[in-house]
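Everything below concerns the one structure shown next.
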Amino acid sequence: MDENKIFKRSDQVVSREIEGEVVLLPLYKSSKDLNYIYTLNKTAATAWGLIDGKNNLADIKNKLTDEFNVEETKLTKQLNELIKDLTSIRAIV
Amino acid sequence: MSHKVFLKIAGIIIGVKSGQQPETEKKYAYRYRNFVLKNKPRKVDIDLSIGIRSHYHMYYPRLLFETRRELARGRIKERPLDRINKEKEKYLGRDLDWRIGEFKEKILLEGGQSGNYQVMLDKDLKKGEVLIINSNYSWRITDIIYGFLQMLIIYYLAKHRLGLLVHSAGIKDRRDGYLFAGISRAGKSTTGRIWDRYARVSILNDDRIIIRKIGNIFYIYGTPWHGDFSDYLNTSMQRAKLKKMFYIYHKRENKAEVVSPRDSFNLFFQTIFSPFWDKDSLHFISGFLLEAIFNIPCYKFGFKNDRAVVDYARRLK
């Protein structure tokens, strides 16, 4: 994934922090789509907080590396998966 | 001559005005009569006027709905007014389709089977015109309550930051209110039956409860939208101070566990009727639920279908 890419939170989702984790509530147009709410664990919640339309992926990765003691390759993989998941539920653009 | 009916649901007063008197409903009036005010209130929160047409295209052209911006559509389960099996106290669930749209400065709500209710409301949902499609040119209070009012109340509660509607049974045990929330078939009506039979309590409702916060206190309110069990039906405008929240499911023995705020949110959010198309409303609903969770003890409650559940729930601290 292009580490210069900048994402921002979509206005199609409401987020709530609960005890260090974040719950995401997507907006829907049909009650048939109303199947899920999404929970981000502490690491993902920190990444979510850094997705602000200013930090690119490299910035986010560096900040997460500073905060959590995670090996870089593993962190890159997890961050890419998180970005992919958040994009698929339209939580970020 | 203008005829007016005033309803009060969870402290929200709905005024309904029509040039025609509503039909008398001896058979079904018991379901909602406790929500009808006997005297004219000092103020009305939602002011509705009724128009009746034999065909909707004569008044609000269907085209109107094709040109509006649709916000959302969905289905909500309603119980029909005719009891299907008296011995089993079972009602057929019936899906009512609804749509919400925007047109110019108005909110359009279309509901009921075959879209036979159309409501054009001001953006603040405080005033609206209701078009009832009825070839007999008559209307009933049940047309209002069981046609579209539930969707309107769901939206109104959120828009005005008042509270939320929960898929739950509600009990008033002396002064204490207990909320028993759950998905379909979780045991809400069963809970209503057990508490009605074995405890001297008031069953506010066995399917739809409104939670509101007045000052710093959370209250639960009965509503006219009930579930399977209606013999006890004394649902009314009364409320109870919310003391405990239970997310229920059937189990072979009674077991309640305290649930963390995060898990409580995940559980109870499933049971809320949320205006999922409106970001501000969804933001309010989620915040309101969180606030309730942080202030009221929440339990995940596997319950056995017998009288022991009453003392068990009462004794939980």
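Order of the sequence lines fixes the chain letters, A, B, ..., with proteins taken first and strands second; residue numbering starts at 1 for each chain.
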Considering all heavy atoms, the nearest [X]-[Y] contact:
X	Y	result
W277(B)	L27(A)	O-CD2, 3.8 Å
P26(A)	L282(B)	O-CD2, 4.0 Å
H283(B)	R16(A)	O-NH2, 2.5 Å

Atom [atom1] in [X], atom [atom2] in [Y]: separation rounded to 0.5 Å?
X	Y	atom1	atom2	result
I18(A)	I293(B)	CD1	CD1	6.5 Å
D263(B)	T39(A)	CG	OG1	8.5 Å
Q12(A)	K279(B)	CD	NZ	7.5 Å

Name all residues meeting the side chain to side chain donor-acceptor pair (under 3.5 Å) criterion together with K106(B); count only those two or more places apart in sequence or in a different chain, and write none if there are none.
D122(B)
N55(A): side chain to side chain donor-acceptor pair (under 3.5 Å) partners, not counting sequence neighbours:
D52(A), K63(A)
Step through the shown structure and confirm whether more than 12 heavy atoms of other residues, nucleotides or ligands are within 6.0 Å of [atom1] on [X].
X	atom1	value
E81(A)	CD	yes
K243(B)	NZ	no
K8(A)	NZ	no

May I ask you to decide whether R262(B) forms a salt bridge with E19(A), counting only side-chain N to carboxylate O separations under 4.0 Å?
no
Are any non-hydrogen side-chain atoms of L25(A) and F269(B) less than 4.5 angstrom apart?
yes
Go through the atoms of N266(B) and report whether side chain, backbone, both or neither lie under 4.5 Å from a heavy atom of chain A.
both
